[in-house]
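Working notes for the structure below.
Heavy-atom basis, side chains included; hydrogens, waters and symmetry copies ignored. Just so we're on the same page: letters track the sequence lines, and every chain starts at 1.
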Amino acid sequence: MNQKSQVQTPLTTIVSLSKTLNPECVQLLRVHFPQVAASAGKSLPEKVKIVEVGPRDGLQNEKTIVPAEVKICLIDMLSEAGLPVIEATSFVSPKWVPQMADQVEVMKGISKKPGVNYPVLTPNLKGFQAAVKAGATEVAIFGAASELFSKKNINCSVEESLQRFEEVAKAAKEQGVAVRGYVSCVLGCPYEGKVAPGKVAQVAKRLYAMGCYEISLGDTTGVGTPGGMIEMLEAVKHEVPVEALAVHCHDTYGQALANILVALQMGISVVDSSVAGLGGCPYAQGASGNVATEDVVYMLHGLGIQTGVDLAKLMDAGAFICQSLNRRTSSKVAQAACKL
Amino acid sequence: MGLNRVHVHVGVQLLRVHFPQVAASAGKSLPEKVKIVEVGPRDGLQNEKTIVPAEVKICLIDMLSEAGLPVIEATSFVSPKWVPQMADQVEVMKGISKKPGVNYPVLTPNLKGFQAAVKAGATEVAIFGAASELFSKKNINCSVEESLQRFEEVAKAAKEQGVAVRGYVSCVLGCPYEGKVAPGKVAQVAKRLYAMGCYEISLGDTTGVGTPGGMIEMLEAVKHEVPVEALAVHCHDTYGQALANILVALQMGISVVDSSVAGLGGCPYAQGASGNVATEDVVYMLHGLGIQTGVDLAKLMDAGAFICQSLNRRTSSKVAQAASFQAILQF
């Protein structure tokens, strides 16, 4: 954590000033002008939880199929690197997602590190039951903020998908399984274009109400820019407490770190990312997808924010999976790793 | 409680006056306009292995002019011995179509380079100081102070001849040799350059190691010595931090950003790593934020595609990579 300089600077004296101001006045300012609290440097979280989605979201979008042993080794390396949450696999039909066909083998093969969560994707009740049978203690469900995207992706409306997930959430509650909710297309849709922040907020609210402990807001095609992120988060924060929100930014247009930064400024403290930036964008041939965990961690550590992640071990995991996939890393930090 | 809108209004004003950083909030008080200084033809090409002929450089610069960039760093009047890519400096300077209202600064490391630049038609020059002694020694074989004295000569001659001078400070967020760089040192060098007549000081994160916290700290120090309107940021994307660093700089009042079309120019200090931030990606972010740049993104991408083809390399711009995506959504 960076030590503040001995010399008083405006940034360091704001705290003492706010103590002399009427505290209700400061609160009023913060309530009426959330942007006032979210300043350029202050009020960033002390800690950020990183949700590592490489083994699932990342690999799912890679052309090369890797065997279960490689996935297991990757996940174990990521556990060793200190990541607190690692999305391990997906209980979808192998017909749709061949990469995840070894879901049971992977789930049973990984060394579950104490204190680390290993959520798995479950698109429906059937998937949920298979996941629990394979030892899952946390599952993830995906809603979309765009009707067209929902139709094209899972062949049903947003409402129908939410009803499907209500079943999963109910079963999960009964069996003591935690549920994480995802909302796709929060900053734009490849089919619909602009997505209304209010729609994102509605879907997030439904997921939260049905029992999701956390809602991850995904810029699925990476089109979002910081202004859109702020607008969207303002709407969602009205419906879901900020502590229960996460951002899942894609770096397809290079905007991910800037978007994550403003999200942190708005009080978000959970960030999804993918080791080595695994997972291209299925909507833009040859374009990148997930933001690279190494690059996120580099920024967070540089900001003095704790993550619990060992960057060197993380880069080892990234190097390993890239070698297995026979592809170059998408992480800029990893690319620069042979610096002076 | 007795609080009302008056209390709130007064409170906010008080905070904003005393603590400008409070005004630099997550979304508000970003500049309405940002001036982009395109450094691809010089800083970018200088760090590319493939030497491209003068015609290609001229064509690139003309395409960039057409794309609406207000400032385009055209070439460098250094000795061709040191920088072979810039050997055609005179031919390029004389060959480009200078669009009215667009500036075409050129690098001039010393008085000799300055004189050659002016002879070739330059009306604006750029000089480079460093915030790190070791970097200065290794890069131009003299101390920071000696380099500043050398630049005083250039600045003096420029003033006499009505030539504008832009100052650069390297290693503002870290040095490949020294490591951490004190914000106070950056501020000192910026102050000297400004005092000798530079109309603008571009603060360069030369190896891209900086992160937003360091950017804020450094800018706070420099803003004490140089008015923010005279400051620019020159961020490298070697560690993927450039856009986040640029964003906080905007939040702190900066409204001039250097960038390189297609992200031309790798990092000379890290084999295979990227260097300059891509202009396309910067413009995409700025336009998405509702900030005006005067740049036509489509024409800019054409210029990027052109130079990448000539260099036989893939673009480093993520926006350009995603360009095959049918609907490039602009908000």
Side-chain angles (χ1 to χ4, degrees), chain A residues 2 9-11 13-14 17 21-22 24-25 28-29 32-33 35-42 188 190 193-194 221-228 230 251-255 257-258 260-262 265-266 281 283-288 292 295 298-299 302-304 331-333 335-336 338-340, chain B residues 1 3 7-8 11-12 14-15 18-22 24-28 30 176-177 207-208 210-214 216-217 220 237-241 243-244 246-248 251-252 267 269-274 278 281 284-285 287-290 317-319 321-325 327-329 331:
Chain A
N2 288 336
T9 68
L11 274 182
T13 52
I14 178 93
L17 179 78
L21 274 182
N22 183 327
E24 284 128 337
C25 191
L28 197 68
L29 283 172
H32 280 269
F33 307 103
Q35 296 82 0
V36 171
S39 65
K42 281 294 144 188
K194 221 165 147 54
T221 44
V223 290
T225 49
I230 291 168
D251 204 38
T252 316
Y253 290 78
Q255 309 296 305
L257 284 193
I260 289 168
L261 182 64
V262 294
Q265 290 176 341
M266 304 244 340
C281 180
Y283 307 96
Q285 273 287 0
S288 62
D295 300 356
Y298 184 89
M299 179 173 81
L303 282 163
S331 155
K332 290 218 164 177
V333 169
Q335 286 168 23
C338 53
K339 75 173 185 73
L340 286 169
Chain B
M1 206 159 67
L3 281 166
H7 288 113
V8 171
V12 174
L14 195 69
L15 284 169
H18 282 270
F19 305 104
Q21 293 76 5
V22 171
S25 62
K28 295 294 151 187
L30 291 178
Y177 310 107
T207 43
T211 49
I216 291 168
E217 205 188 358
E220 276 184 338
D237 204 37
T238 316
Y239 289 79
Q241 308 296 304
L243 285 193
I246 288 167
L247 182 64
V248 294
Q251 289 175 342
M252 303 241 345
C267 181
Y269 307 96
Q271 274 285 1
S274 62
D281 299 356
Y284 184 90
M285 180 173 79
H287 288 184
L289 282 162
S317 155
K318 290 219 163 173
V319 169
Q321 285 166 25
S324 57
F325 178 34
I328 292 187
L329 301 167
F331 293 103

query: What's the spacing between Gln321(B) CD and Ser288(A) OG if we round to 0.5 Å?
result: 6.0 Å

field: Rounded distance (nearest 0.5 Å) linking atom CD of Gln335(A) with atom OG1 of Thr238(B)
entry: 10.0 Å

message: Just to verify, what does Ala244(B) make a side chain to side chain contact (heavy atoms under 4.5 Å, CB included) with, not counting sequence neighbours?
response: Leu257(A), Leu261(A), Met299(A), Pro212(B)

query: In terms of heavy-atom pairs under 4.5 Å, which option from Ile246(B), Thr207(B), Asp237(B) contacts chain A the most?
result: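 So the answer, after comparing Ile246(B), Thr207(B), Asp237(B), is Asp237(B).
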
task: Heavy atoms only: give me the nearest Val223(A)-Tyr284(B) pair and the separation to one decimal.
output: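 Smallest interatomic distance, heavy atoms only, reads O-OH, 2.6 Å.
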
